[in-house]
Protein chains: 2
Amino acid sequence: MSTPTKEPPPSRRIADALRQAIERGEYSAGDKLPSERVLAATYESARNTAREAISILEAEGLLDVWHGKGAFVRPPARMIRLGANRYSHRLRIETGLSPFRAEAQRAGKTAHVEVPDIRRVKPPADVAERLGVPASRRSVVQRVNHYFADGEPVQIGVTYIPWVIAGGTVLATDATDPQSRFNSIYGEFEQLGHRLTKVREEITARMPRPDEVAMLRIPPGVPVIQVLHTGVDQDDQPFEITRFTMRADLNGLDYWLPIED
Amino acid sequence: MSTPTKEPPPSRRIADALRQAIERGEYSAGDKLPSERVLAATYESARNTAREAISILEAEGLLDVWHGKGAFVRPPARMIRLGANRYSHRLRIETGLSPFRAEAQRAGKTAHVEVPDIRRVKPPADVAERLGVPASRRSVVQRVNHYFADGEPVQIGVTYIPWVIAGGTVLATDATDPQSRFNSIYGEFEQLGHRLTKVREEITARMPRPDEVAMLRIPPGVPVIQVLHTGVDQDDQPFEITRFTMRADLNGLDYWLPIED
DNA sequence: CAGTGGTCTAGACCACTCA
DNA sequence: GAGTGGTCTAGACCACTGT
């Protein structure tokens, strides 16, 4: 008795056939797939059925579909690899680069960062808990950062700093001086007596929200990596939290972790 | 002159309306949305148009759609938080738990692990490079692990161990003894003279492949987190690599990183 | 059984790209 | 202009869930 595995419907069968053709290398990165109308004729189905097949592969992240042009096999992207050493004091002093700039440079990309918004706000619950500040009052400064690589937006970072630390300093008012050798907020923290000794990074991934799709210009079938980053100083006090949201196709994390006994 | 921002087509408008209703709390986690036929009538469109709206939200990971039942607001899932301390020698000895079991227990879930396949193979290129073994020969043992939490598959791990280390040992042949206090392959490595002193974890995220969807029973709109894990011993030699693939809605990473000066 | 989602059809019109 | 994807319609039948 063979198990009568129900065969998939036409749209799945077309999708499977195309996926296998891609895997077998019959279509290479950048190649154009047959048009929806051609696929429909080939598989003797309605155009909508062929279209459904294409959209399945698009949601899997295999295709780039361009209105008026066609569907193309998505080429793998060069990734920025974010390591923990990007927070290194020495690296910052020697290169004069902020963490993101240093990593982008290593990936052969040109980076720039914009700080479109700085304001005093009530912190989100998870941030308040980790910083040990009240969620009910405007106890933190919020700094929004947009990160670009080769002109393309690749990350958003929202930093929260307790008002008791940032109040009255440039952290609460200005982007750091682009000319400074301390071209990172960590340079400012050091001058305020907070030396970064360890960080906590809580990582997860999910599909982007529509506003993130718009902001980061995220194509279909690409998730975001979310990192909740906590900076801790020499007195074991958390003094800064940043929530990073990054395109998963352009960013990866690369950590070396010592194993305590 | 106002910018005549083109208004979205009906399917997007329905999707936006439903998304906002969910965000405003008009539908809570677990609530059932109106049926496709009802939505179509409400918005005076064809059923397919309402259906398209539902599938947009499903791809965003907001809905669970059940054949014959309806579309429901997806509730947030309890996550297993995987920290680097799961590799701690002391934790392993004290609890007698493998890394995964220890973390699952902390999340209040019952864990079990299956090792469905152990064999000698040619390593993938990235693995060969990191282990310093030839990719052209069957230079590694490959161990496939399936991880379950509360009976649900949540992770796949494929471990590669150089044949020069694993050959002739239980690493090449058997699952570790479930009764042993060293219920983890790291116990075996220690007996072979490889003490884990640090790990490298290279992290990225992407949409799952169809085989991963089937194996991990991944719902639509849920990405996977991929971790390429390298274990390094007291002599700075990499002795083991595992490629983890995990459902991003059920798993997160939680690392504490010391910052070198 | 009624109600729900899953899939398909055949056709239409629009919007975009490229020669 | 020809070719492509984007969207919609109106209807049909199937498969699954519940009472």
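In this text, all values refer to a predicted model and were calculated from it rather than measured experimentally. Only heavy atoms go into these numbers, but all of them, side chains included; no hydrogens, no water, no symmetry mates. Convention: sequence-line order gives letters A, B, ...; per-chain numbering from 1.
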Quick check on D/dT7: is either OP1 or OP2 less than 4.0 Å from any side-chain nitrogen or oxygen of B/T49?
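For B/T49, the contact criterion (side-chain N or O under 4.0 Å from OP1 or OP2 of D/dT7) is not met.
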
Taking 4.0 Å as the cut-off, does a side-chain nitrogen or oxygen of A/S45 come that near to OP1 or OP2 on C/dC8?
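No, A/S45 has no side-chain N/O under 4.0 Å of OP1/OP2 on C/dC8.
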
With heavy-atom distances below 4.5 Å as the criterion, would you say the side chains of B/S45 and B/I14 are in contact?
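Yes, close enough: below the 4.5 Å cut-off.
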
Does any non-hydrogen side-chain atom of B/V227 lie less than 4.5 Å from one of B/E202?
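Of all side-chain heavy-atom pairs linking B/V227 with B/E202, none is under 4.5 Å.
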
Candidate list B/R217, B/K109, B/R247, test salt bridge (charged side-chain N to carboxylate O under 4.0 Å, His left out), partner B/E152, passing option
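That would be B/R247.
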
Exam field: side chain B/D150 to backbone B/T110, donor-acceptor pair closer than 3.5 Å
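Yes; at least one donor-acceptor contact below 3.5 Å.
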
Under 3.5 Å donor-acceptor, A/S28 side chain and A/D31 backbone:
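Not a single qualifying donor-acceptor pair exists.
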
Whole-Å distance separating the [atom1] atom of [X] from the [atom2] atom of [N]:
X: B/E44; N: D/dC8; atom1: CD; atom2: P; value: 14 Å
X: B/F72; N: D/dC16; atom1: CZ; atom2: C1'; value: 13 Å
X: B/L33; N: C/dG5; atom1: CG; atom2: C1'; value: 13 Å
X: B/E36; N: C/dG6; atom1: CD; atom2: P; value: 6 Å

So what does A/R12 hit on the nucleic acid, given a heavy-atom distance under 4.0 Å: a base, only sugar-phosphate, or nothing?
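Sugar-phosphate contact only - A/R12 comes under 4.0 Å of backbone atoms but never of a base.
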
Footprint string (nucleotides 11-19 of chain C, 5' to 3'): B base within contact, S backbone only, - free, heavy atoms under 4.0 Å
BB--BBSS-

